[in-house]
Structure formats: structure tokens, C-alpha cells
Colleague: 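Structure provided below as C-alpha cells; questions to follow.
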There are 2 protein chains.
Amino acid sequence: MKMDPRTLLDAALKVFAREGLEGASLRAIAREAGCDPSLIYYHFENKEAMFAALLEERIPPLVADLRHLANPLDPRSTAEKLWTAMQLFHTHLHDSAGFRSMVRGQIVRGVETLPELLAKKLLPANLAMQAIVRRGLRRGELRPGLHPLLVIMFLLRMEAEILDLVPVFAQRAVGMPPERALPLAERTWFEVFWRGVATRPLDPLPFLPDPELP
Amino acid sequence: MKMDPRTLLDAALKVFAREGLEGASLRAIAREAGCDPSLIYYHFENKEAMFAALLEERIPPLVADLRHLANPLDPRSTAEKLWTAMQLFHTHLHDSAGFRSMVRGQIVRGVETLPELLAKKLLPANLAMQAIVRRGLRRGELRPGLHPLLVIMFLLRMEAEILDLVPVFAQRAVGMPPERALPLAERTWFEVFWRGVATRPLDPLPFLPDPELP
DNA sequence: TCCATAATTCAACAAGCGTTGAAAAAGGAT
DNA sequence: ATCCTTTTTCAACGCTTGTTGAATTATGGA
């Protein structure tokens with residue numbers, strides 16, 4: 001019947017997103033894919049290798065897009081670049097709740113093998129983000145004195161938080177379906193963030209999408 | 001030798017903070033307390049009951065303080081109230097990394113018995129925070145149109161994030177010992193947040209502590 | 001000192017985990 | 001059909017987990 005490794009990865013992604021890296025059991029992944037757990041070991045070295053494969057699909061394209069964005073010749077404003085960076089994280093990682101929770105959880109817990117690999121892979125993304133922020137500081141678009149790392153942490157951690165929590169909270173708390181609440185939360189967050197870090201917080205942000213869209 | 005349940009709770013707190021609710025094993029807690037795992041069942045009904053006991057110690061005082069703060073007769077500005085609210089979460093929950101990760105993790109995962117109890121306990125805290133935000137909106141201190149729940153989520157989730165991540169990142173990324181990096185990050189975050197949500201973002205915030213303190 | 005009760009440990013359970021080696025099934029070429 | 005190789009399943013190992021009932025030790029009052 002020849003199982004496509006793709007199917008296994010898709011199943012794994014589903015389970016990782018629900019349960020996180022440690023919470024996702026091979027048996028659950030196998031159940032999701034409709035096969036025996038041991039079959040996974042025929043196609044992948046082990047569970048972490050599956051996760052690494054999923055990251056490998058997502059991180060390089062994200063890094064490439066971020067590098068493009070950080071190019072100083074790109075004439076867009078720092079505001080628009082940061083907004084776009086946030087959207088890039090959304091489009092590349094929105095289905096990787098397992099990834100997000102792991103990055104966060106494992107960083108707090110200590111250094112193991114996977115986060116180290118992860119840190120290496122994500123370093124270029126971090127550098128690209130820093131380049132954008134430093135350029136914004138030099139050009140006077142960002143308030144002087146802000147620590148670039150804190151700026152990046154604020155923007156991206158909250159975006160991850162929104163991706164995780166808003167779909168759950170939306171219906172019961174805001175009374176909105178997630179597909180409307182998510183763009184609203186992201187837009188609101190970026191406005192708050194940008195006013196917070198900008199030298200001229202009251203300048204309009206014409207690149208933001210219309211919040212009144214149906 | 002009569003083991004004080006207090007000692008068990010302290011040991012549990014340590015392990016919960018390191019490993020989270022699911023990651024913390026009874027055997028690890030028992031090791032930390034220097035006793036047999038089964039002894040825990042003599043003093044507590046089960047693991048979740050231990051966790052609930054820890055919450056029981058912390059949430060009511062937090063709620064009481066927040067209620068005081070939300071009192072409309074308290075003449076302080078909305079900015080100072082929100083800053084104080086953030087500090088209250090810090091002082092009451094800074095040692096409860098397990099609590100923070102659980103609230104976040106379990107909310108995403110779905111509703112089980114403990115989070116439901118938790119939601120009930122935290123509802124008054126949520127209402128007090130909402131009261132502060134709505135009062136700020138009425139008085140024109142907060143930008144009109146902001147969703148109160150998003151405002152609260154932004155402020156407190158990032159505070160939790162800072163408590164979790166800054167102690168880890170401080171040394172290696174910002175080059176500071178945590179005891180200096182943490183106040184800096186909190187202060188910076190609140191400035192960003194307040195400029196983001198305030199009607200007059202450029203007004204000074206005289207109640208903030210001096211960032212240049214030794 | 002004896003004894004009832006409280007406090008603690010021991011040993012084991014069932015369940016779930018990641019993983020493995022061998023057995024079974026399926027597929028393709030001759 | 002046969003043979004070889006690729007793919008899949010079965011059964012099990014060793015480990016950790018939460019939990020429990022019985023056995024053991026400590027404690028305090030008569």
C-alpha cells in the first residue's frame with residue numbers, strides 16, 4: 001500500500017500542533033495516519049527526526065523571506081517591514097503550534113539537542129529581524145534607547161501568543177469566529193506595538209488591512 | 001518525623017516551576033522533599049490537588065489586591081493602575097512558572113477539570129482588570145475602539161512571557177544578570193504597551209521606577 | 001511500658017511511552 | 001509462479017508514570 005512519508009508528516013503536524021513535542025506520542029501520530037507505530041521508524045529515524053523534518057520544510061523559506069525583507073535597499077518604512085515580518089511568521093508557522101510551544105518551553109527548560117539545532121536554524125531569522133530594527137533606530141523611526149532584542153521579542157512572541165490563544169478565546173470571549181477574530185487581534189496588536197516603539201506614534205499606517213472587511 | 005505539608009508544597013512548587021504540571025512527576029517532587037512518593041497521597045488527594053492547593057494560596061490574595069486597585073474611588077490614573085496590576089501579577093505569580101505554562105497550555109488544549117476550576121478562580125481577577133480598562137476607556141485615557149479583552153491579554157501575557165524568558169535570555173542575549181534585566185524588560189514593555197493603548201501616548205509616566213538604578 | 005493511632009515506606013499494579021528485531025505481507029522483475 | 005526486495009505489522013523490551021493496599025515505623029497518651 002506504500003505509505004507516503006508526506007502523509008506521516010501531515011499526521012505528525014496535526015498531533016504536534018495539538019499536543020506539543022513531548023505530548024505527542026508516536027502511537028497517536030500513527031493512529032492519525034492510520035498505520036502501525038513502528039512504520040514511522042521505517043521512514044524516520046525517530047520522533048525528533050520527524051519534528052526536525054517538519055521544521056526543515058518551514059524555516060528556510062521563512063528565513064529567505066525575512067532576508068529579502070531586511071535588505072536595506074528595500075524602500076519600505078520600518079513600520080511596514082515589521083508588519084510584513086509579523087505576517088511572514090504567521091504564514092510560515094501558523095500551523096506549527098507544536099513548534100511554537102517547543103521553542104518556548106524548551107528554551108525555558110534548558111539546552112537539549114533539538115533546541116540547539118533549532119537555534120542554529122533560527123539564528124539567521126533573528127539576525128534579519130535585528131537588521132530591520134537597527135535600521136529603524138538609525139533612521140529615527142524607532143525610539144532611541146530601545147533594546148533591539150526586546151523589540152523583536154515583543155513583536156513576535158505576542159504574535160505567537162495570538163496564533164495560539166485567539167482561536168480558542170475568539171468564540172467564547174470576543175463572540176467572533178476565529179477567522180474574523182484573528183486578523184482583528186493581529187491588526188490591533190500591531191497598532192499597539194507600533195505606537196509603542198515608534199518615534200512618531202500617531203503617523204497613520206496605510207498598509208494595514210481594512211478591519212471592517214466582511 | 002512528621003513531614004509538614006508545607007514542605008511538600010514548597011518542593012512541588014519548585015518542580016512545577018521547572019517542569020510544568022504534566023512534566024512534574026510525583027517521584028521528582030518526593031525526591032525534592034526527601035520522602036517517598038506515596039507519602040504525598042497521605043497529605044494530598046493526588047497531584048492535581050497539590051497544584052490546586054498552590055493556586056489556592058496565591059490567587060485569592062491576587063484577586064483581593066486587584067479588586068482594591070479596580071475601585072473607582074482610587075484616584076490614580078489608568079496608566080498607574082495598569083502598571084500596578086502588572087506588578088501585582090509579578091509579585092504573586094513570579095515563582096509559579098508551572099501555573100503560567102499550565103494556564104496557557106491547557107487553555108489551548110481544551111477544557112479539563114483543573115482549568116475549569118482555574119477559570120472560576122481567575123474570573124474575578126479578569127473582571128477587575130476589565131473594570132480598570134473600561135474606566136480608562138470612559139475617561140478617554142485609553143484609545144476608543146480597543147477591545148478590553150485584547151488590552152488585558154496583551155499586558156498580562158507579555159508580562160508572563162517576560163517572567164519566563166528574560167531570566168534565561170538575560171545573560172546570553174542582553175548581557176545582563178537577570179535581577180537587572182527583568183526590571184528593565186518590564187519597564188520597557190510597559191512603556192511600549194502604554195504608548196500603544198493611550199490616547200496621549202507621549203505623556204510622561206512618573207510612577208515608573210528609575211531604569212538607571214544600580 | 002503498652003497500645004492505639006498517626007505517619008511513612010515498600011512493593012506492586014496497570015497504563016503509556018519510545019524503540020527494536022523478527023515475522024508477515026505486498027510489489028516488481030524475471 | 002518464483003524469487004528478491006521493499007514495505008508493513010506483531011510482539012515485546014525496558015522504562016516512567018500515577019496510584020494503591022499492606023506492611024512498617026514513629027508518636028503520644030494511659
Side-chain angles (χ1 to χ4, degrees), chain A residues 1-55 98-99 101-102 105-106 109-110 112-118, chain B residues 1-55 98-99 101-102 105-106 109-110 112-118:
Chain A
M1 311 172 180
K2 213 176 238 177
M3 162 81 74
D4 187 355
R6 180 72 269 142
T7 313
L8 287 176
L9 282 180
D10 291 340
L13 178 60
K14 267 193 183 175
V15 184
F16 282 140
R18 275 204 312 269
E19 314 284 350
L21 174 61
E22 312 211 329
S25 78
L26 283 175
R27 288 166 169 85
I29 296 174
R31 207 179 311 123
E32 181 77 38
C35 71
D36 190 271
S38 7
L39 181 56
I40 294 175
Y41 285 87
Y42 182 77
H43 292 281
F44 299 91
E45 195 184 345
N46 53 29
K47 189 167 81 159
E48 297 208 341
M50 279 197 103
F51 200 88
L54 281 169
L55 295 184
F99 163 77
S101 84
M102 199 211 59
Q106 302 276 15
R109 201 149 311 166
E112 303 175 24
T113 81
L114 194 54
E116 209 153 344
L117 179 150
L118 197 62
Chain B
M1 308 172 180
K2 212 175 244 180
M3 162 81 72
D4 188 355
R6 181 73 268 142
T7 313
L8 287 177
L9 282 180
D10 291 340
L13 177 60
K14 267 193 183 175
V15 183
F16 282 139
R18 274 205 311 269
E19 315 283 350
L21 173 62
E22 313 212 327
S25 79
L26 283 175
R27 287 166 170 85
I29 296 174
R31 207 179 312 124
E32 181 77 39
C35 71
D36 190 271
S38 5
L39 180 57
I40 294 175
Y41 285 88
Y42 182 77
H43 292 281
F44 299 91
E45 195 184 344
N46 53 29
K47 190 167 80 159
E48 298 208 342
M50 279 196 103
F51 200 87
L54 282 169
L55 295 184
F99 163 77
S101 84
M102 199 211 60
Q106 302 276 16
R109 201 150 310 167
E112 301 175 24
T113 81
L114 194 54
E116 210 153 343
L117 179 149
L118 197 62

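Computed from heavy atoms alone, side chains included, the values below leave out hydrogens, waters and symmetry copies. Just so it is clear: chains get the letters A, B, ... in the order the sequence lines come, proteins before strands, and each one is counted from 1.
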Colleague: For A/S25, report the nucleic acid contact type (base, sugar-phosphate, nothing); a contact means any heavy atom under 4.0 Å.
Modeller: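 Here A/S25 touches the backbone only, sparing every base.
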Colleague: I'd like to know if the side chain of B/K47 reaches the main chain of B/L21, judged simply by a donor and an acceptor atom lying under 3.5 Å from each other, with no hydrogens or angles considered.
Modeller: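 Yes, B/K47 side chain to B/L21 backbone: donor-acceptor pair under 3.5 Å.
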Colleague: Rounding to a whole Å, what distance do you find between B/N46:CG and D/dT19:P?
Modeller: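 Interatomic distance, CG of B/N46 to P of D/dT19: 5 Å.
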Colleague: Ignoring hydrogens, what is the shortest heavy-atom contact between B/A24 and B/F16? Give both atom names and the distance.
Modeller: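 Smallest heavy-atom distance, with atoms named: CB-CD2, 3.5 Å.
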Colleague: Whole-Å distance between C/dG18 P and A/F51 CZ?
Modeller: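 It is 14 Å, rounded to the nearest whole Å.
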Colleague: Under a 4.0 Å threshold between the charged nitrogen and the carboxylate oxygen, would A/R6 count as salt-bridged to A/D10?
Modeller: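 Yes.
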Colleague: Any idea which of C/dG18, D/dT19, C/dC10 is nearest the A/L26 side chain?
Modeller: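 The answer is C/dG18.
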Colleague: Among C/dT8, D/dT19, D/dT8, which nucleotide has an atom closest to any side-chain atom of B/Y41?
Modeller: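 Nearest nucleotide to the side chain: D/dT19.
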Colleague: Report the distance from atom CG of A/L21 to atom C1' of C/dG18, rounded to the nearest whole Å.
Modeller: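 From A/L21 CG to C/dG18 C1': 12 Å.
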Colleague: With the side chain of B/R27 defined as its heavy atoms from C-beta on, choose the nearest nucleotide among C/dT19, C/dA12, C/dT9.
Modeller: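 In terms of side-chain proximity for B/R27, the closest of C/dT19, C/dA12, C/dT9 is C/dA12.
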Colleague: Less than 4.5 Å apart, side chain to side chain, heavy atoms only: is that true for A/F99 and A/L55?
Modeller: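 Side-chain contact under 4.5 Å: yes.
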Colleague: For the CD atom of A/E32 and the CG atom of A/L8, what is their distance to the nearest 0.5 Å?
Modeller: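 That separation rounds to 11.0 Å.
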Colleague: When you measure from the side chain of B/S38, which nucleotide among C/dT19, C/dT8, C/dC10 comes out closest?
Modeller: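 The closest nucleotide is C/dC10.
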Colleague: With respect to the side chain of B/Y42, which nucleotide from C/dT19, C/dA6, C/dA12 is positioned closest?
Modeller: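 For the B/Y42 side chain, the nearest candidate turns out to be C/dA6.
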Colleague: Rounded to whole Å, please give me the gap between CZ in A/R31 and P in D/dT8.
Modeller: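 Going from CZ in A/R31 over to P in D/dT8 covers 19 Å.
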Colleague: The side chain of A/K47 lies closest to which of these nucleotides: C/dT9, C/dG18, C/dT8?
Modeller: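 The answer is C/dG18.
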Colleague: Between C/dA6 atom C1' and B/L39 atom CG, what is the distance in whole Å?
Modeller: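 Nearest whole value for this atom pair: 11 Å.
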Colleague: Between D/dT7 atom C1' and A/L8 atom CG, what is the distance in whole Å?
Modeller: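 Atom-to-atom, A/L8 to D/dT7, this comes out as 12 Å.
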Colleague: What does B/A30 touch in the nucleic acid at a heavy-atom separation under 4.0 angstrom: a base, only the sugar-phosphate, or nothing?
Modeller: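 Since no nucleic acid heavy atom lies under 4.0 Å of B/A30, the category is nothing.
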Colleague: Send over the distance from B/M3 CE to D/dT27 C1', rounded to a whole Å.
Modeller: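 Taking CE of B/M3 and C1' of D/dT27, I get 16 Å after rounding.
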Colleague: More 5' along DNA chain C: B/P37 or A/A24, using each one's nearest nucleotide?
Modeller: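 Closer to the 5' end of DNA chain C: B/P37.
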Colleague: With sugar-phosphate meaning primed atoms plus P, OP1 and OP2, does B/A28 contact a base, only sugar-phosphate, or nothing at under 4.0 Å between heavy atoms?
Modeller: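 Nothing: the residue B/A28, judged by heavy atoms under 4.0 Å, touches no strand.
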Colleague: Distance check needed: C/dA26 P versus A/D36 CG, whole Å only.
Modeller: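 Rounded to the whole Å, the gap is 15 Å.
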